[in-house]
Amino acid sequence: MTLMTTGKTDTEAEPPLTVDDLRRMPDDGRRYELVDARLDVSPAPIFLHSRVESRLAIHLGVLAPGEFEVVAAPGINVNGDRTHHRIPDLAVLRAADEESPYLTKPPLLAVEVVSPESAIRDHHTKRREYEEFGVHSYWIINPDRDLPSITELCLEDGGYREAATVSGEAVFKTDLPFPLRIVPHWLVGAGDWRKHIGGSDEAAG
């Protein structure tokens, strides 16, 4: 965690941080988010993490119908006063919901790729935040080289229900945010991943 100071004395109250303060953060590869007006800083991702993000973005981008947009690492303001700001690894939204500089509506899908330092955040903290914000579907991806997995959480009656956990060379199938298939192994494995990532039916076609 990195703390940001404003130069005020101890007797002066620090104003809450907002997304405007994030623009002063260094461009150092780390990810700067806000949780209740406090900085939440993550280190730059390792190669395997980036591989999963890239392959998933390409795969979803190819499959997405025209009314959807697949976006890597979008900034999302999850409250009205802009003191709570998250950056999922990947998101899918309706193209009509595009906003700048940051999204203020819940995406249809948010994806987090777990790293050792983010496990609690991704499995618990962000799960609760995305649930309360109304993100329709949340995927938690474990990029383990030996047994990668995808856990799908779907919003029902205001709460997340675990719809599926699929690992290894099994095929993850879902209709949210649009019909698709993913073999978790090919998010991390070496070889012609484009041919196999959608499963045997896709490869045969």
Side-chain angles (χ1 to χ4, degrees), residues 29 31 33 42 44-78 85-115 118 122 126-127 130 133-145 148-155 160 163-205:
R31 184 164 294 179
E33 300 175 297
S42 303
I46 63 172
F47 174 77
L48 193 62
H49 187 287
S50 298
R51 170 183 276 180
V52 172
E53 289 182 33
S54 298
R55 291 184 180 184
L56 187 60
I58 293 169
H59 184 58
L60 294 185
V62 169
L63 296 177
E67 65 268 28
F68 298 95
E69 186 163 354
V70 179
V71 184
I76 303 175
N77 294 341
V78 299
H85 182 83
R86 283 302 192 186
I87 307 174
D89 290 320
L90 194 74
V92 176
L93 58 142
R94 291 187 177 89
D97 290 338
E98 175 268 333
E99 297 177 87
S100 185
Y102 304 117
L103 301 178
T104 62
K105 299 175 184 177
L108 300 174
L109 168 68
V111 180
E112 297 289 356
V113 181
V114 177
S115 55
S118 75
D122 294 340
K126 286 192 173 182
R127 172 178 174 153
Y130 292 156
F133 188 50
V135 177
H136 298 270
S137 183
Y138 175 35
W139 296 357
I140 302 172
I141 298 181
N142 175 9
D144 183 86
R145 281 191 182 273
S149 65
I150 300 173
T151 295
E152 177 189 30
L153 304 169
C154 296
L155 195 64
Y160 276 140
T165 294
V166 178
S167 59
E169 297 192 27
V171 180
F172 167 64
K173 304 175 185 178
T174 186
D175 291 323
L176 299 173
F178 43 80
L180 58 90
R181 300 158 56 95
I182 300 172
V183 178
H185 169 78
W186 290 107
L187 290 172
V188 301
D192 190 355
W193 65 272
R194 290 176 181 84
K195 180 178 180 181
H196 301 296
I197 192 169
S200 58
D201 290 349
E202 180 178 281

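On a predicted model such as this, the values are computed, not experimentally measured, just so you know. Position 1 is the first residue of the sequence; numbering continues from there.
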Tell me, with the steps shown, if Val114 and Ile140 meet side-chain contact (heavy atoms from CB on, under 4.5 Å). CA-CA 7 Å; Val114 177; Ile140 302 172; 3.4 Å; yes
Begin with the C-alpha distance, continue with both residues' side-chain angles, and end with the deciding distance and a verdict on side-chain contact (heavy atoms from CB on, under 4.5 Å) for Leu103 and Lys105. CA-CA 6 Å; Leu103 301 178; Lys105 299 175 184 177; over 6 Å; no
Kindly indicate, with the supporting measurements, whether the criterion side-chain contact (heavy atoms from CB on, under 4.5 Å) is fulfilled by Ile141 and Phe172. CA-CA 12 Å; Ile141 298 181; Phe172 167 64; over 6 Å; no
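From Ile182, atom CD1 reaches atom NZ of Lys173 across 13.0 Å, with rounding to the nearest 0.5 Å. To the nearest 0.5 Å, atoms CG (Leu60) and CD1 (Ile197) are separated by 8.0 Å. Here the CG atom belonging to Asn77 is positioned 8.0 Å from the CZ atom belonging to Phe133, to the nearest 0.5 angstrom. Taken from CG in Leu56 to CD1 in Ile150, the straight-line distance is 7.0 Å, to the nearest 0.5 Å. Atoms CG and CG, from Leu187 and Asp144 in turn, are 12.5 Å apart once rounded to the nearest 0.5 Å. Note that NE2 of His185 is 9.0 Å distant from NE2 of His196, once rounded to the nearest 0.5 Å.
Between Pro74 and Pro88 the shortest heavy-atom distance is O-CD, 3.3 Å. Pairing each heavy atom of Phe68 with each of Pro177, the nearest pair is CZ-O, 3.6 Å. When all heavy atoms of Ser137 and Tyr160 are compared, the closest pair comes out as C-OH, 4.5 Å. Considering all non-hydrogen atoms of both residues, Asp192 and Trp186 come closest at N-CZ3, 4.2 Å. Between Ala72 and Leu90, the shortest heavy-atom contact is CA-CD1, 3.8 Å. When all heavy atoms of Ile58 and Arg194 are compared, the closest pair comes out as CD1-NH2, 4.5 Å.
Although no hydrogens or angles enter the test, the distance criterion places a donor-acceptor pair under 3.5 Å between the side chain of His49 and the main chain of Val113. The main-chain N or O of Thr104 is found under 3.5 Å from a side-chain atom of Glu99 such that the two form a donor-acceptor pair. One N or O on the side chain of His59 and one on the backbone of Arg181 form a donor-acceptor pair closer than 3.5 Å. A distance-only check finds no donor-acceptor pair linking the side chain of Arg86 to the backbone of Ile76 [under 3.5 Å].
Residues Val166 and Pro184 have side chains in contact (heavy-atom distance under 4.5 Å, counting atoms from C-beta outward). Under the 4.5 Å side-chain criterion, counting only non-hydrogen atoms from C-beta, Asp122 is in contact with Tyr138. In this structure the side chain of Leu176 never reaches within 4.5 angstrom of the side chain of His136, judged on heavy atoms. Residues Val171 and Val183 have side chains in contact (heavy-atom distance under 4.5 Å, counting atoms from C-beta outward).
The residues Lys126 and Glu33 are annotated as salt-bridged, a charged nitrogen and a carboxylate oxygen being separated by less than 4.0 angstrom. Asp89 and Arg31 are joined by a salt bridge, as a carboxylate oxygen and a charged side-chain nitrogen come within less than 4.0 angstrom of each other.
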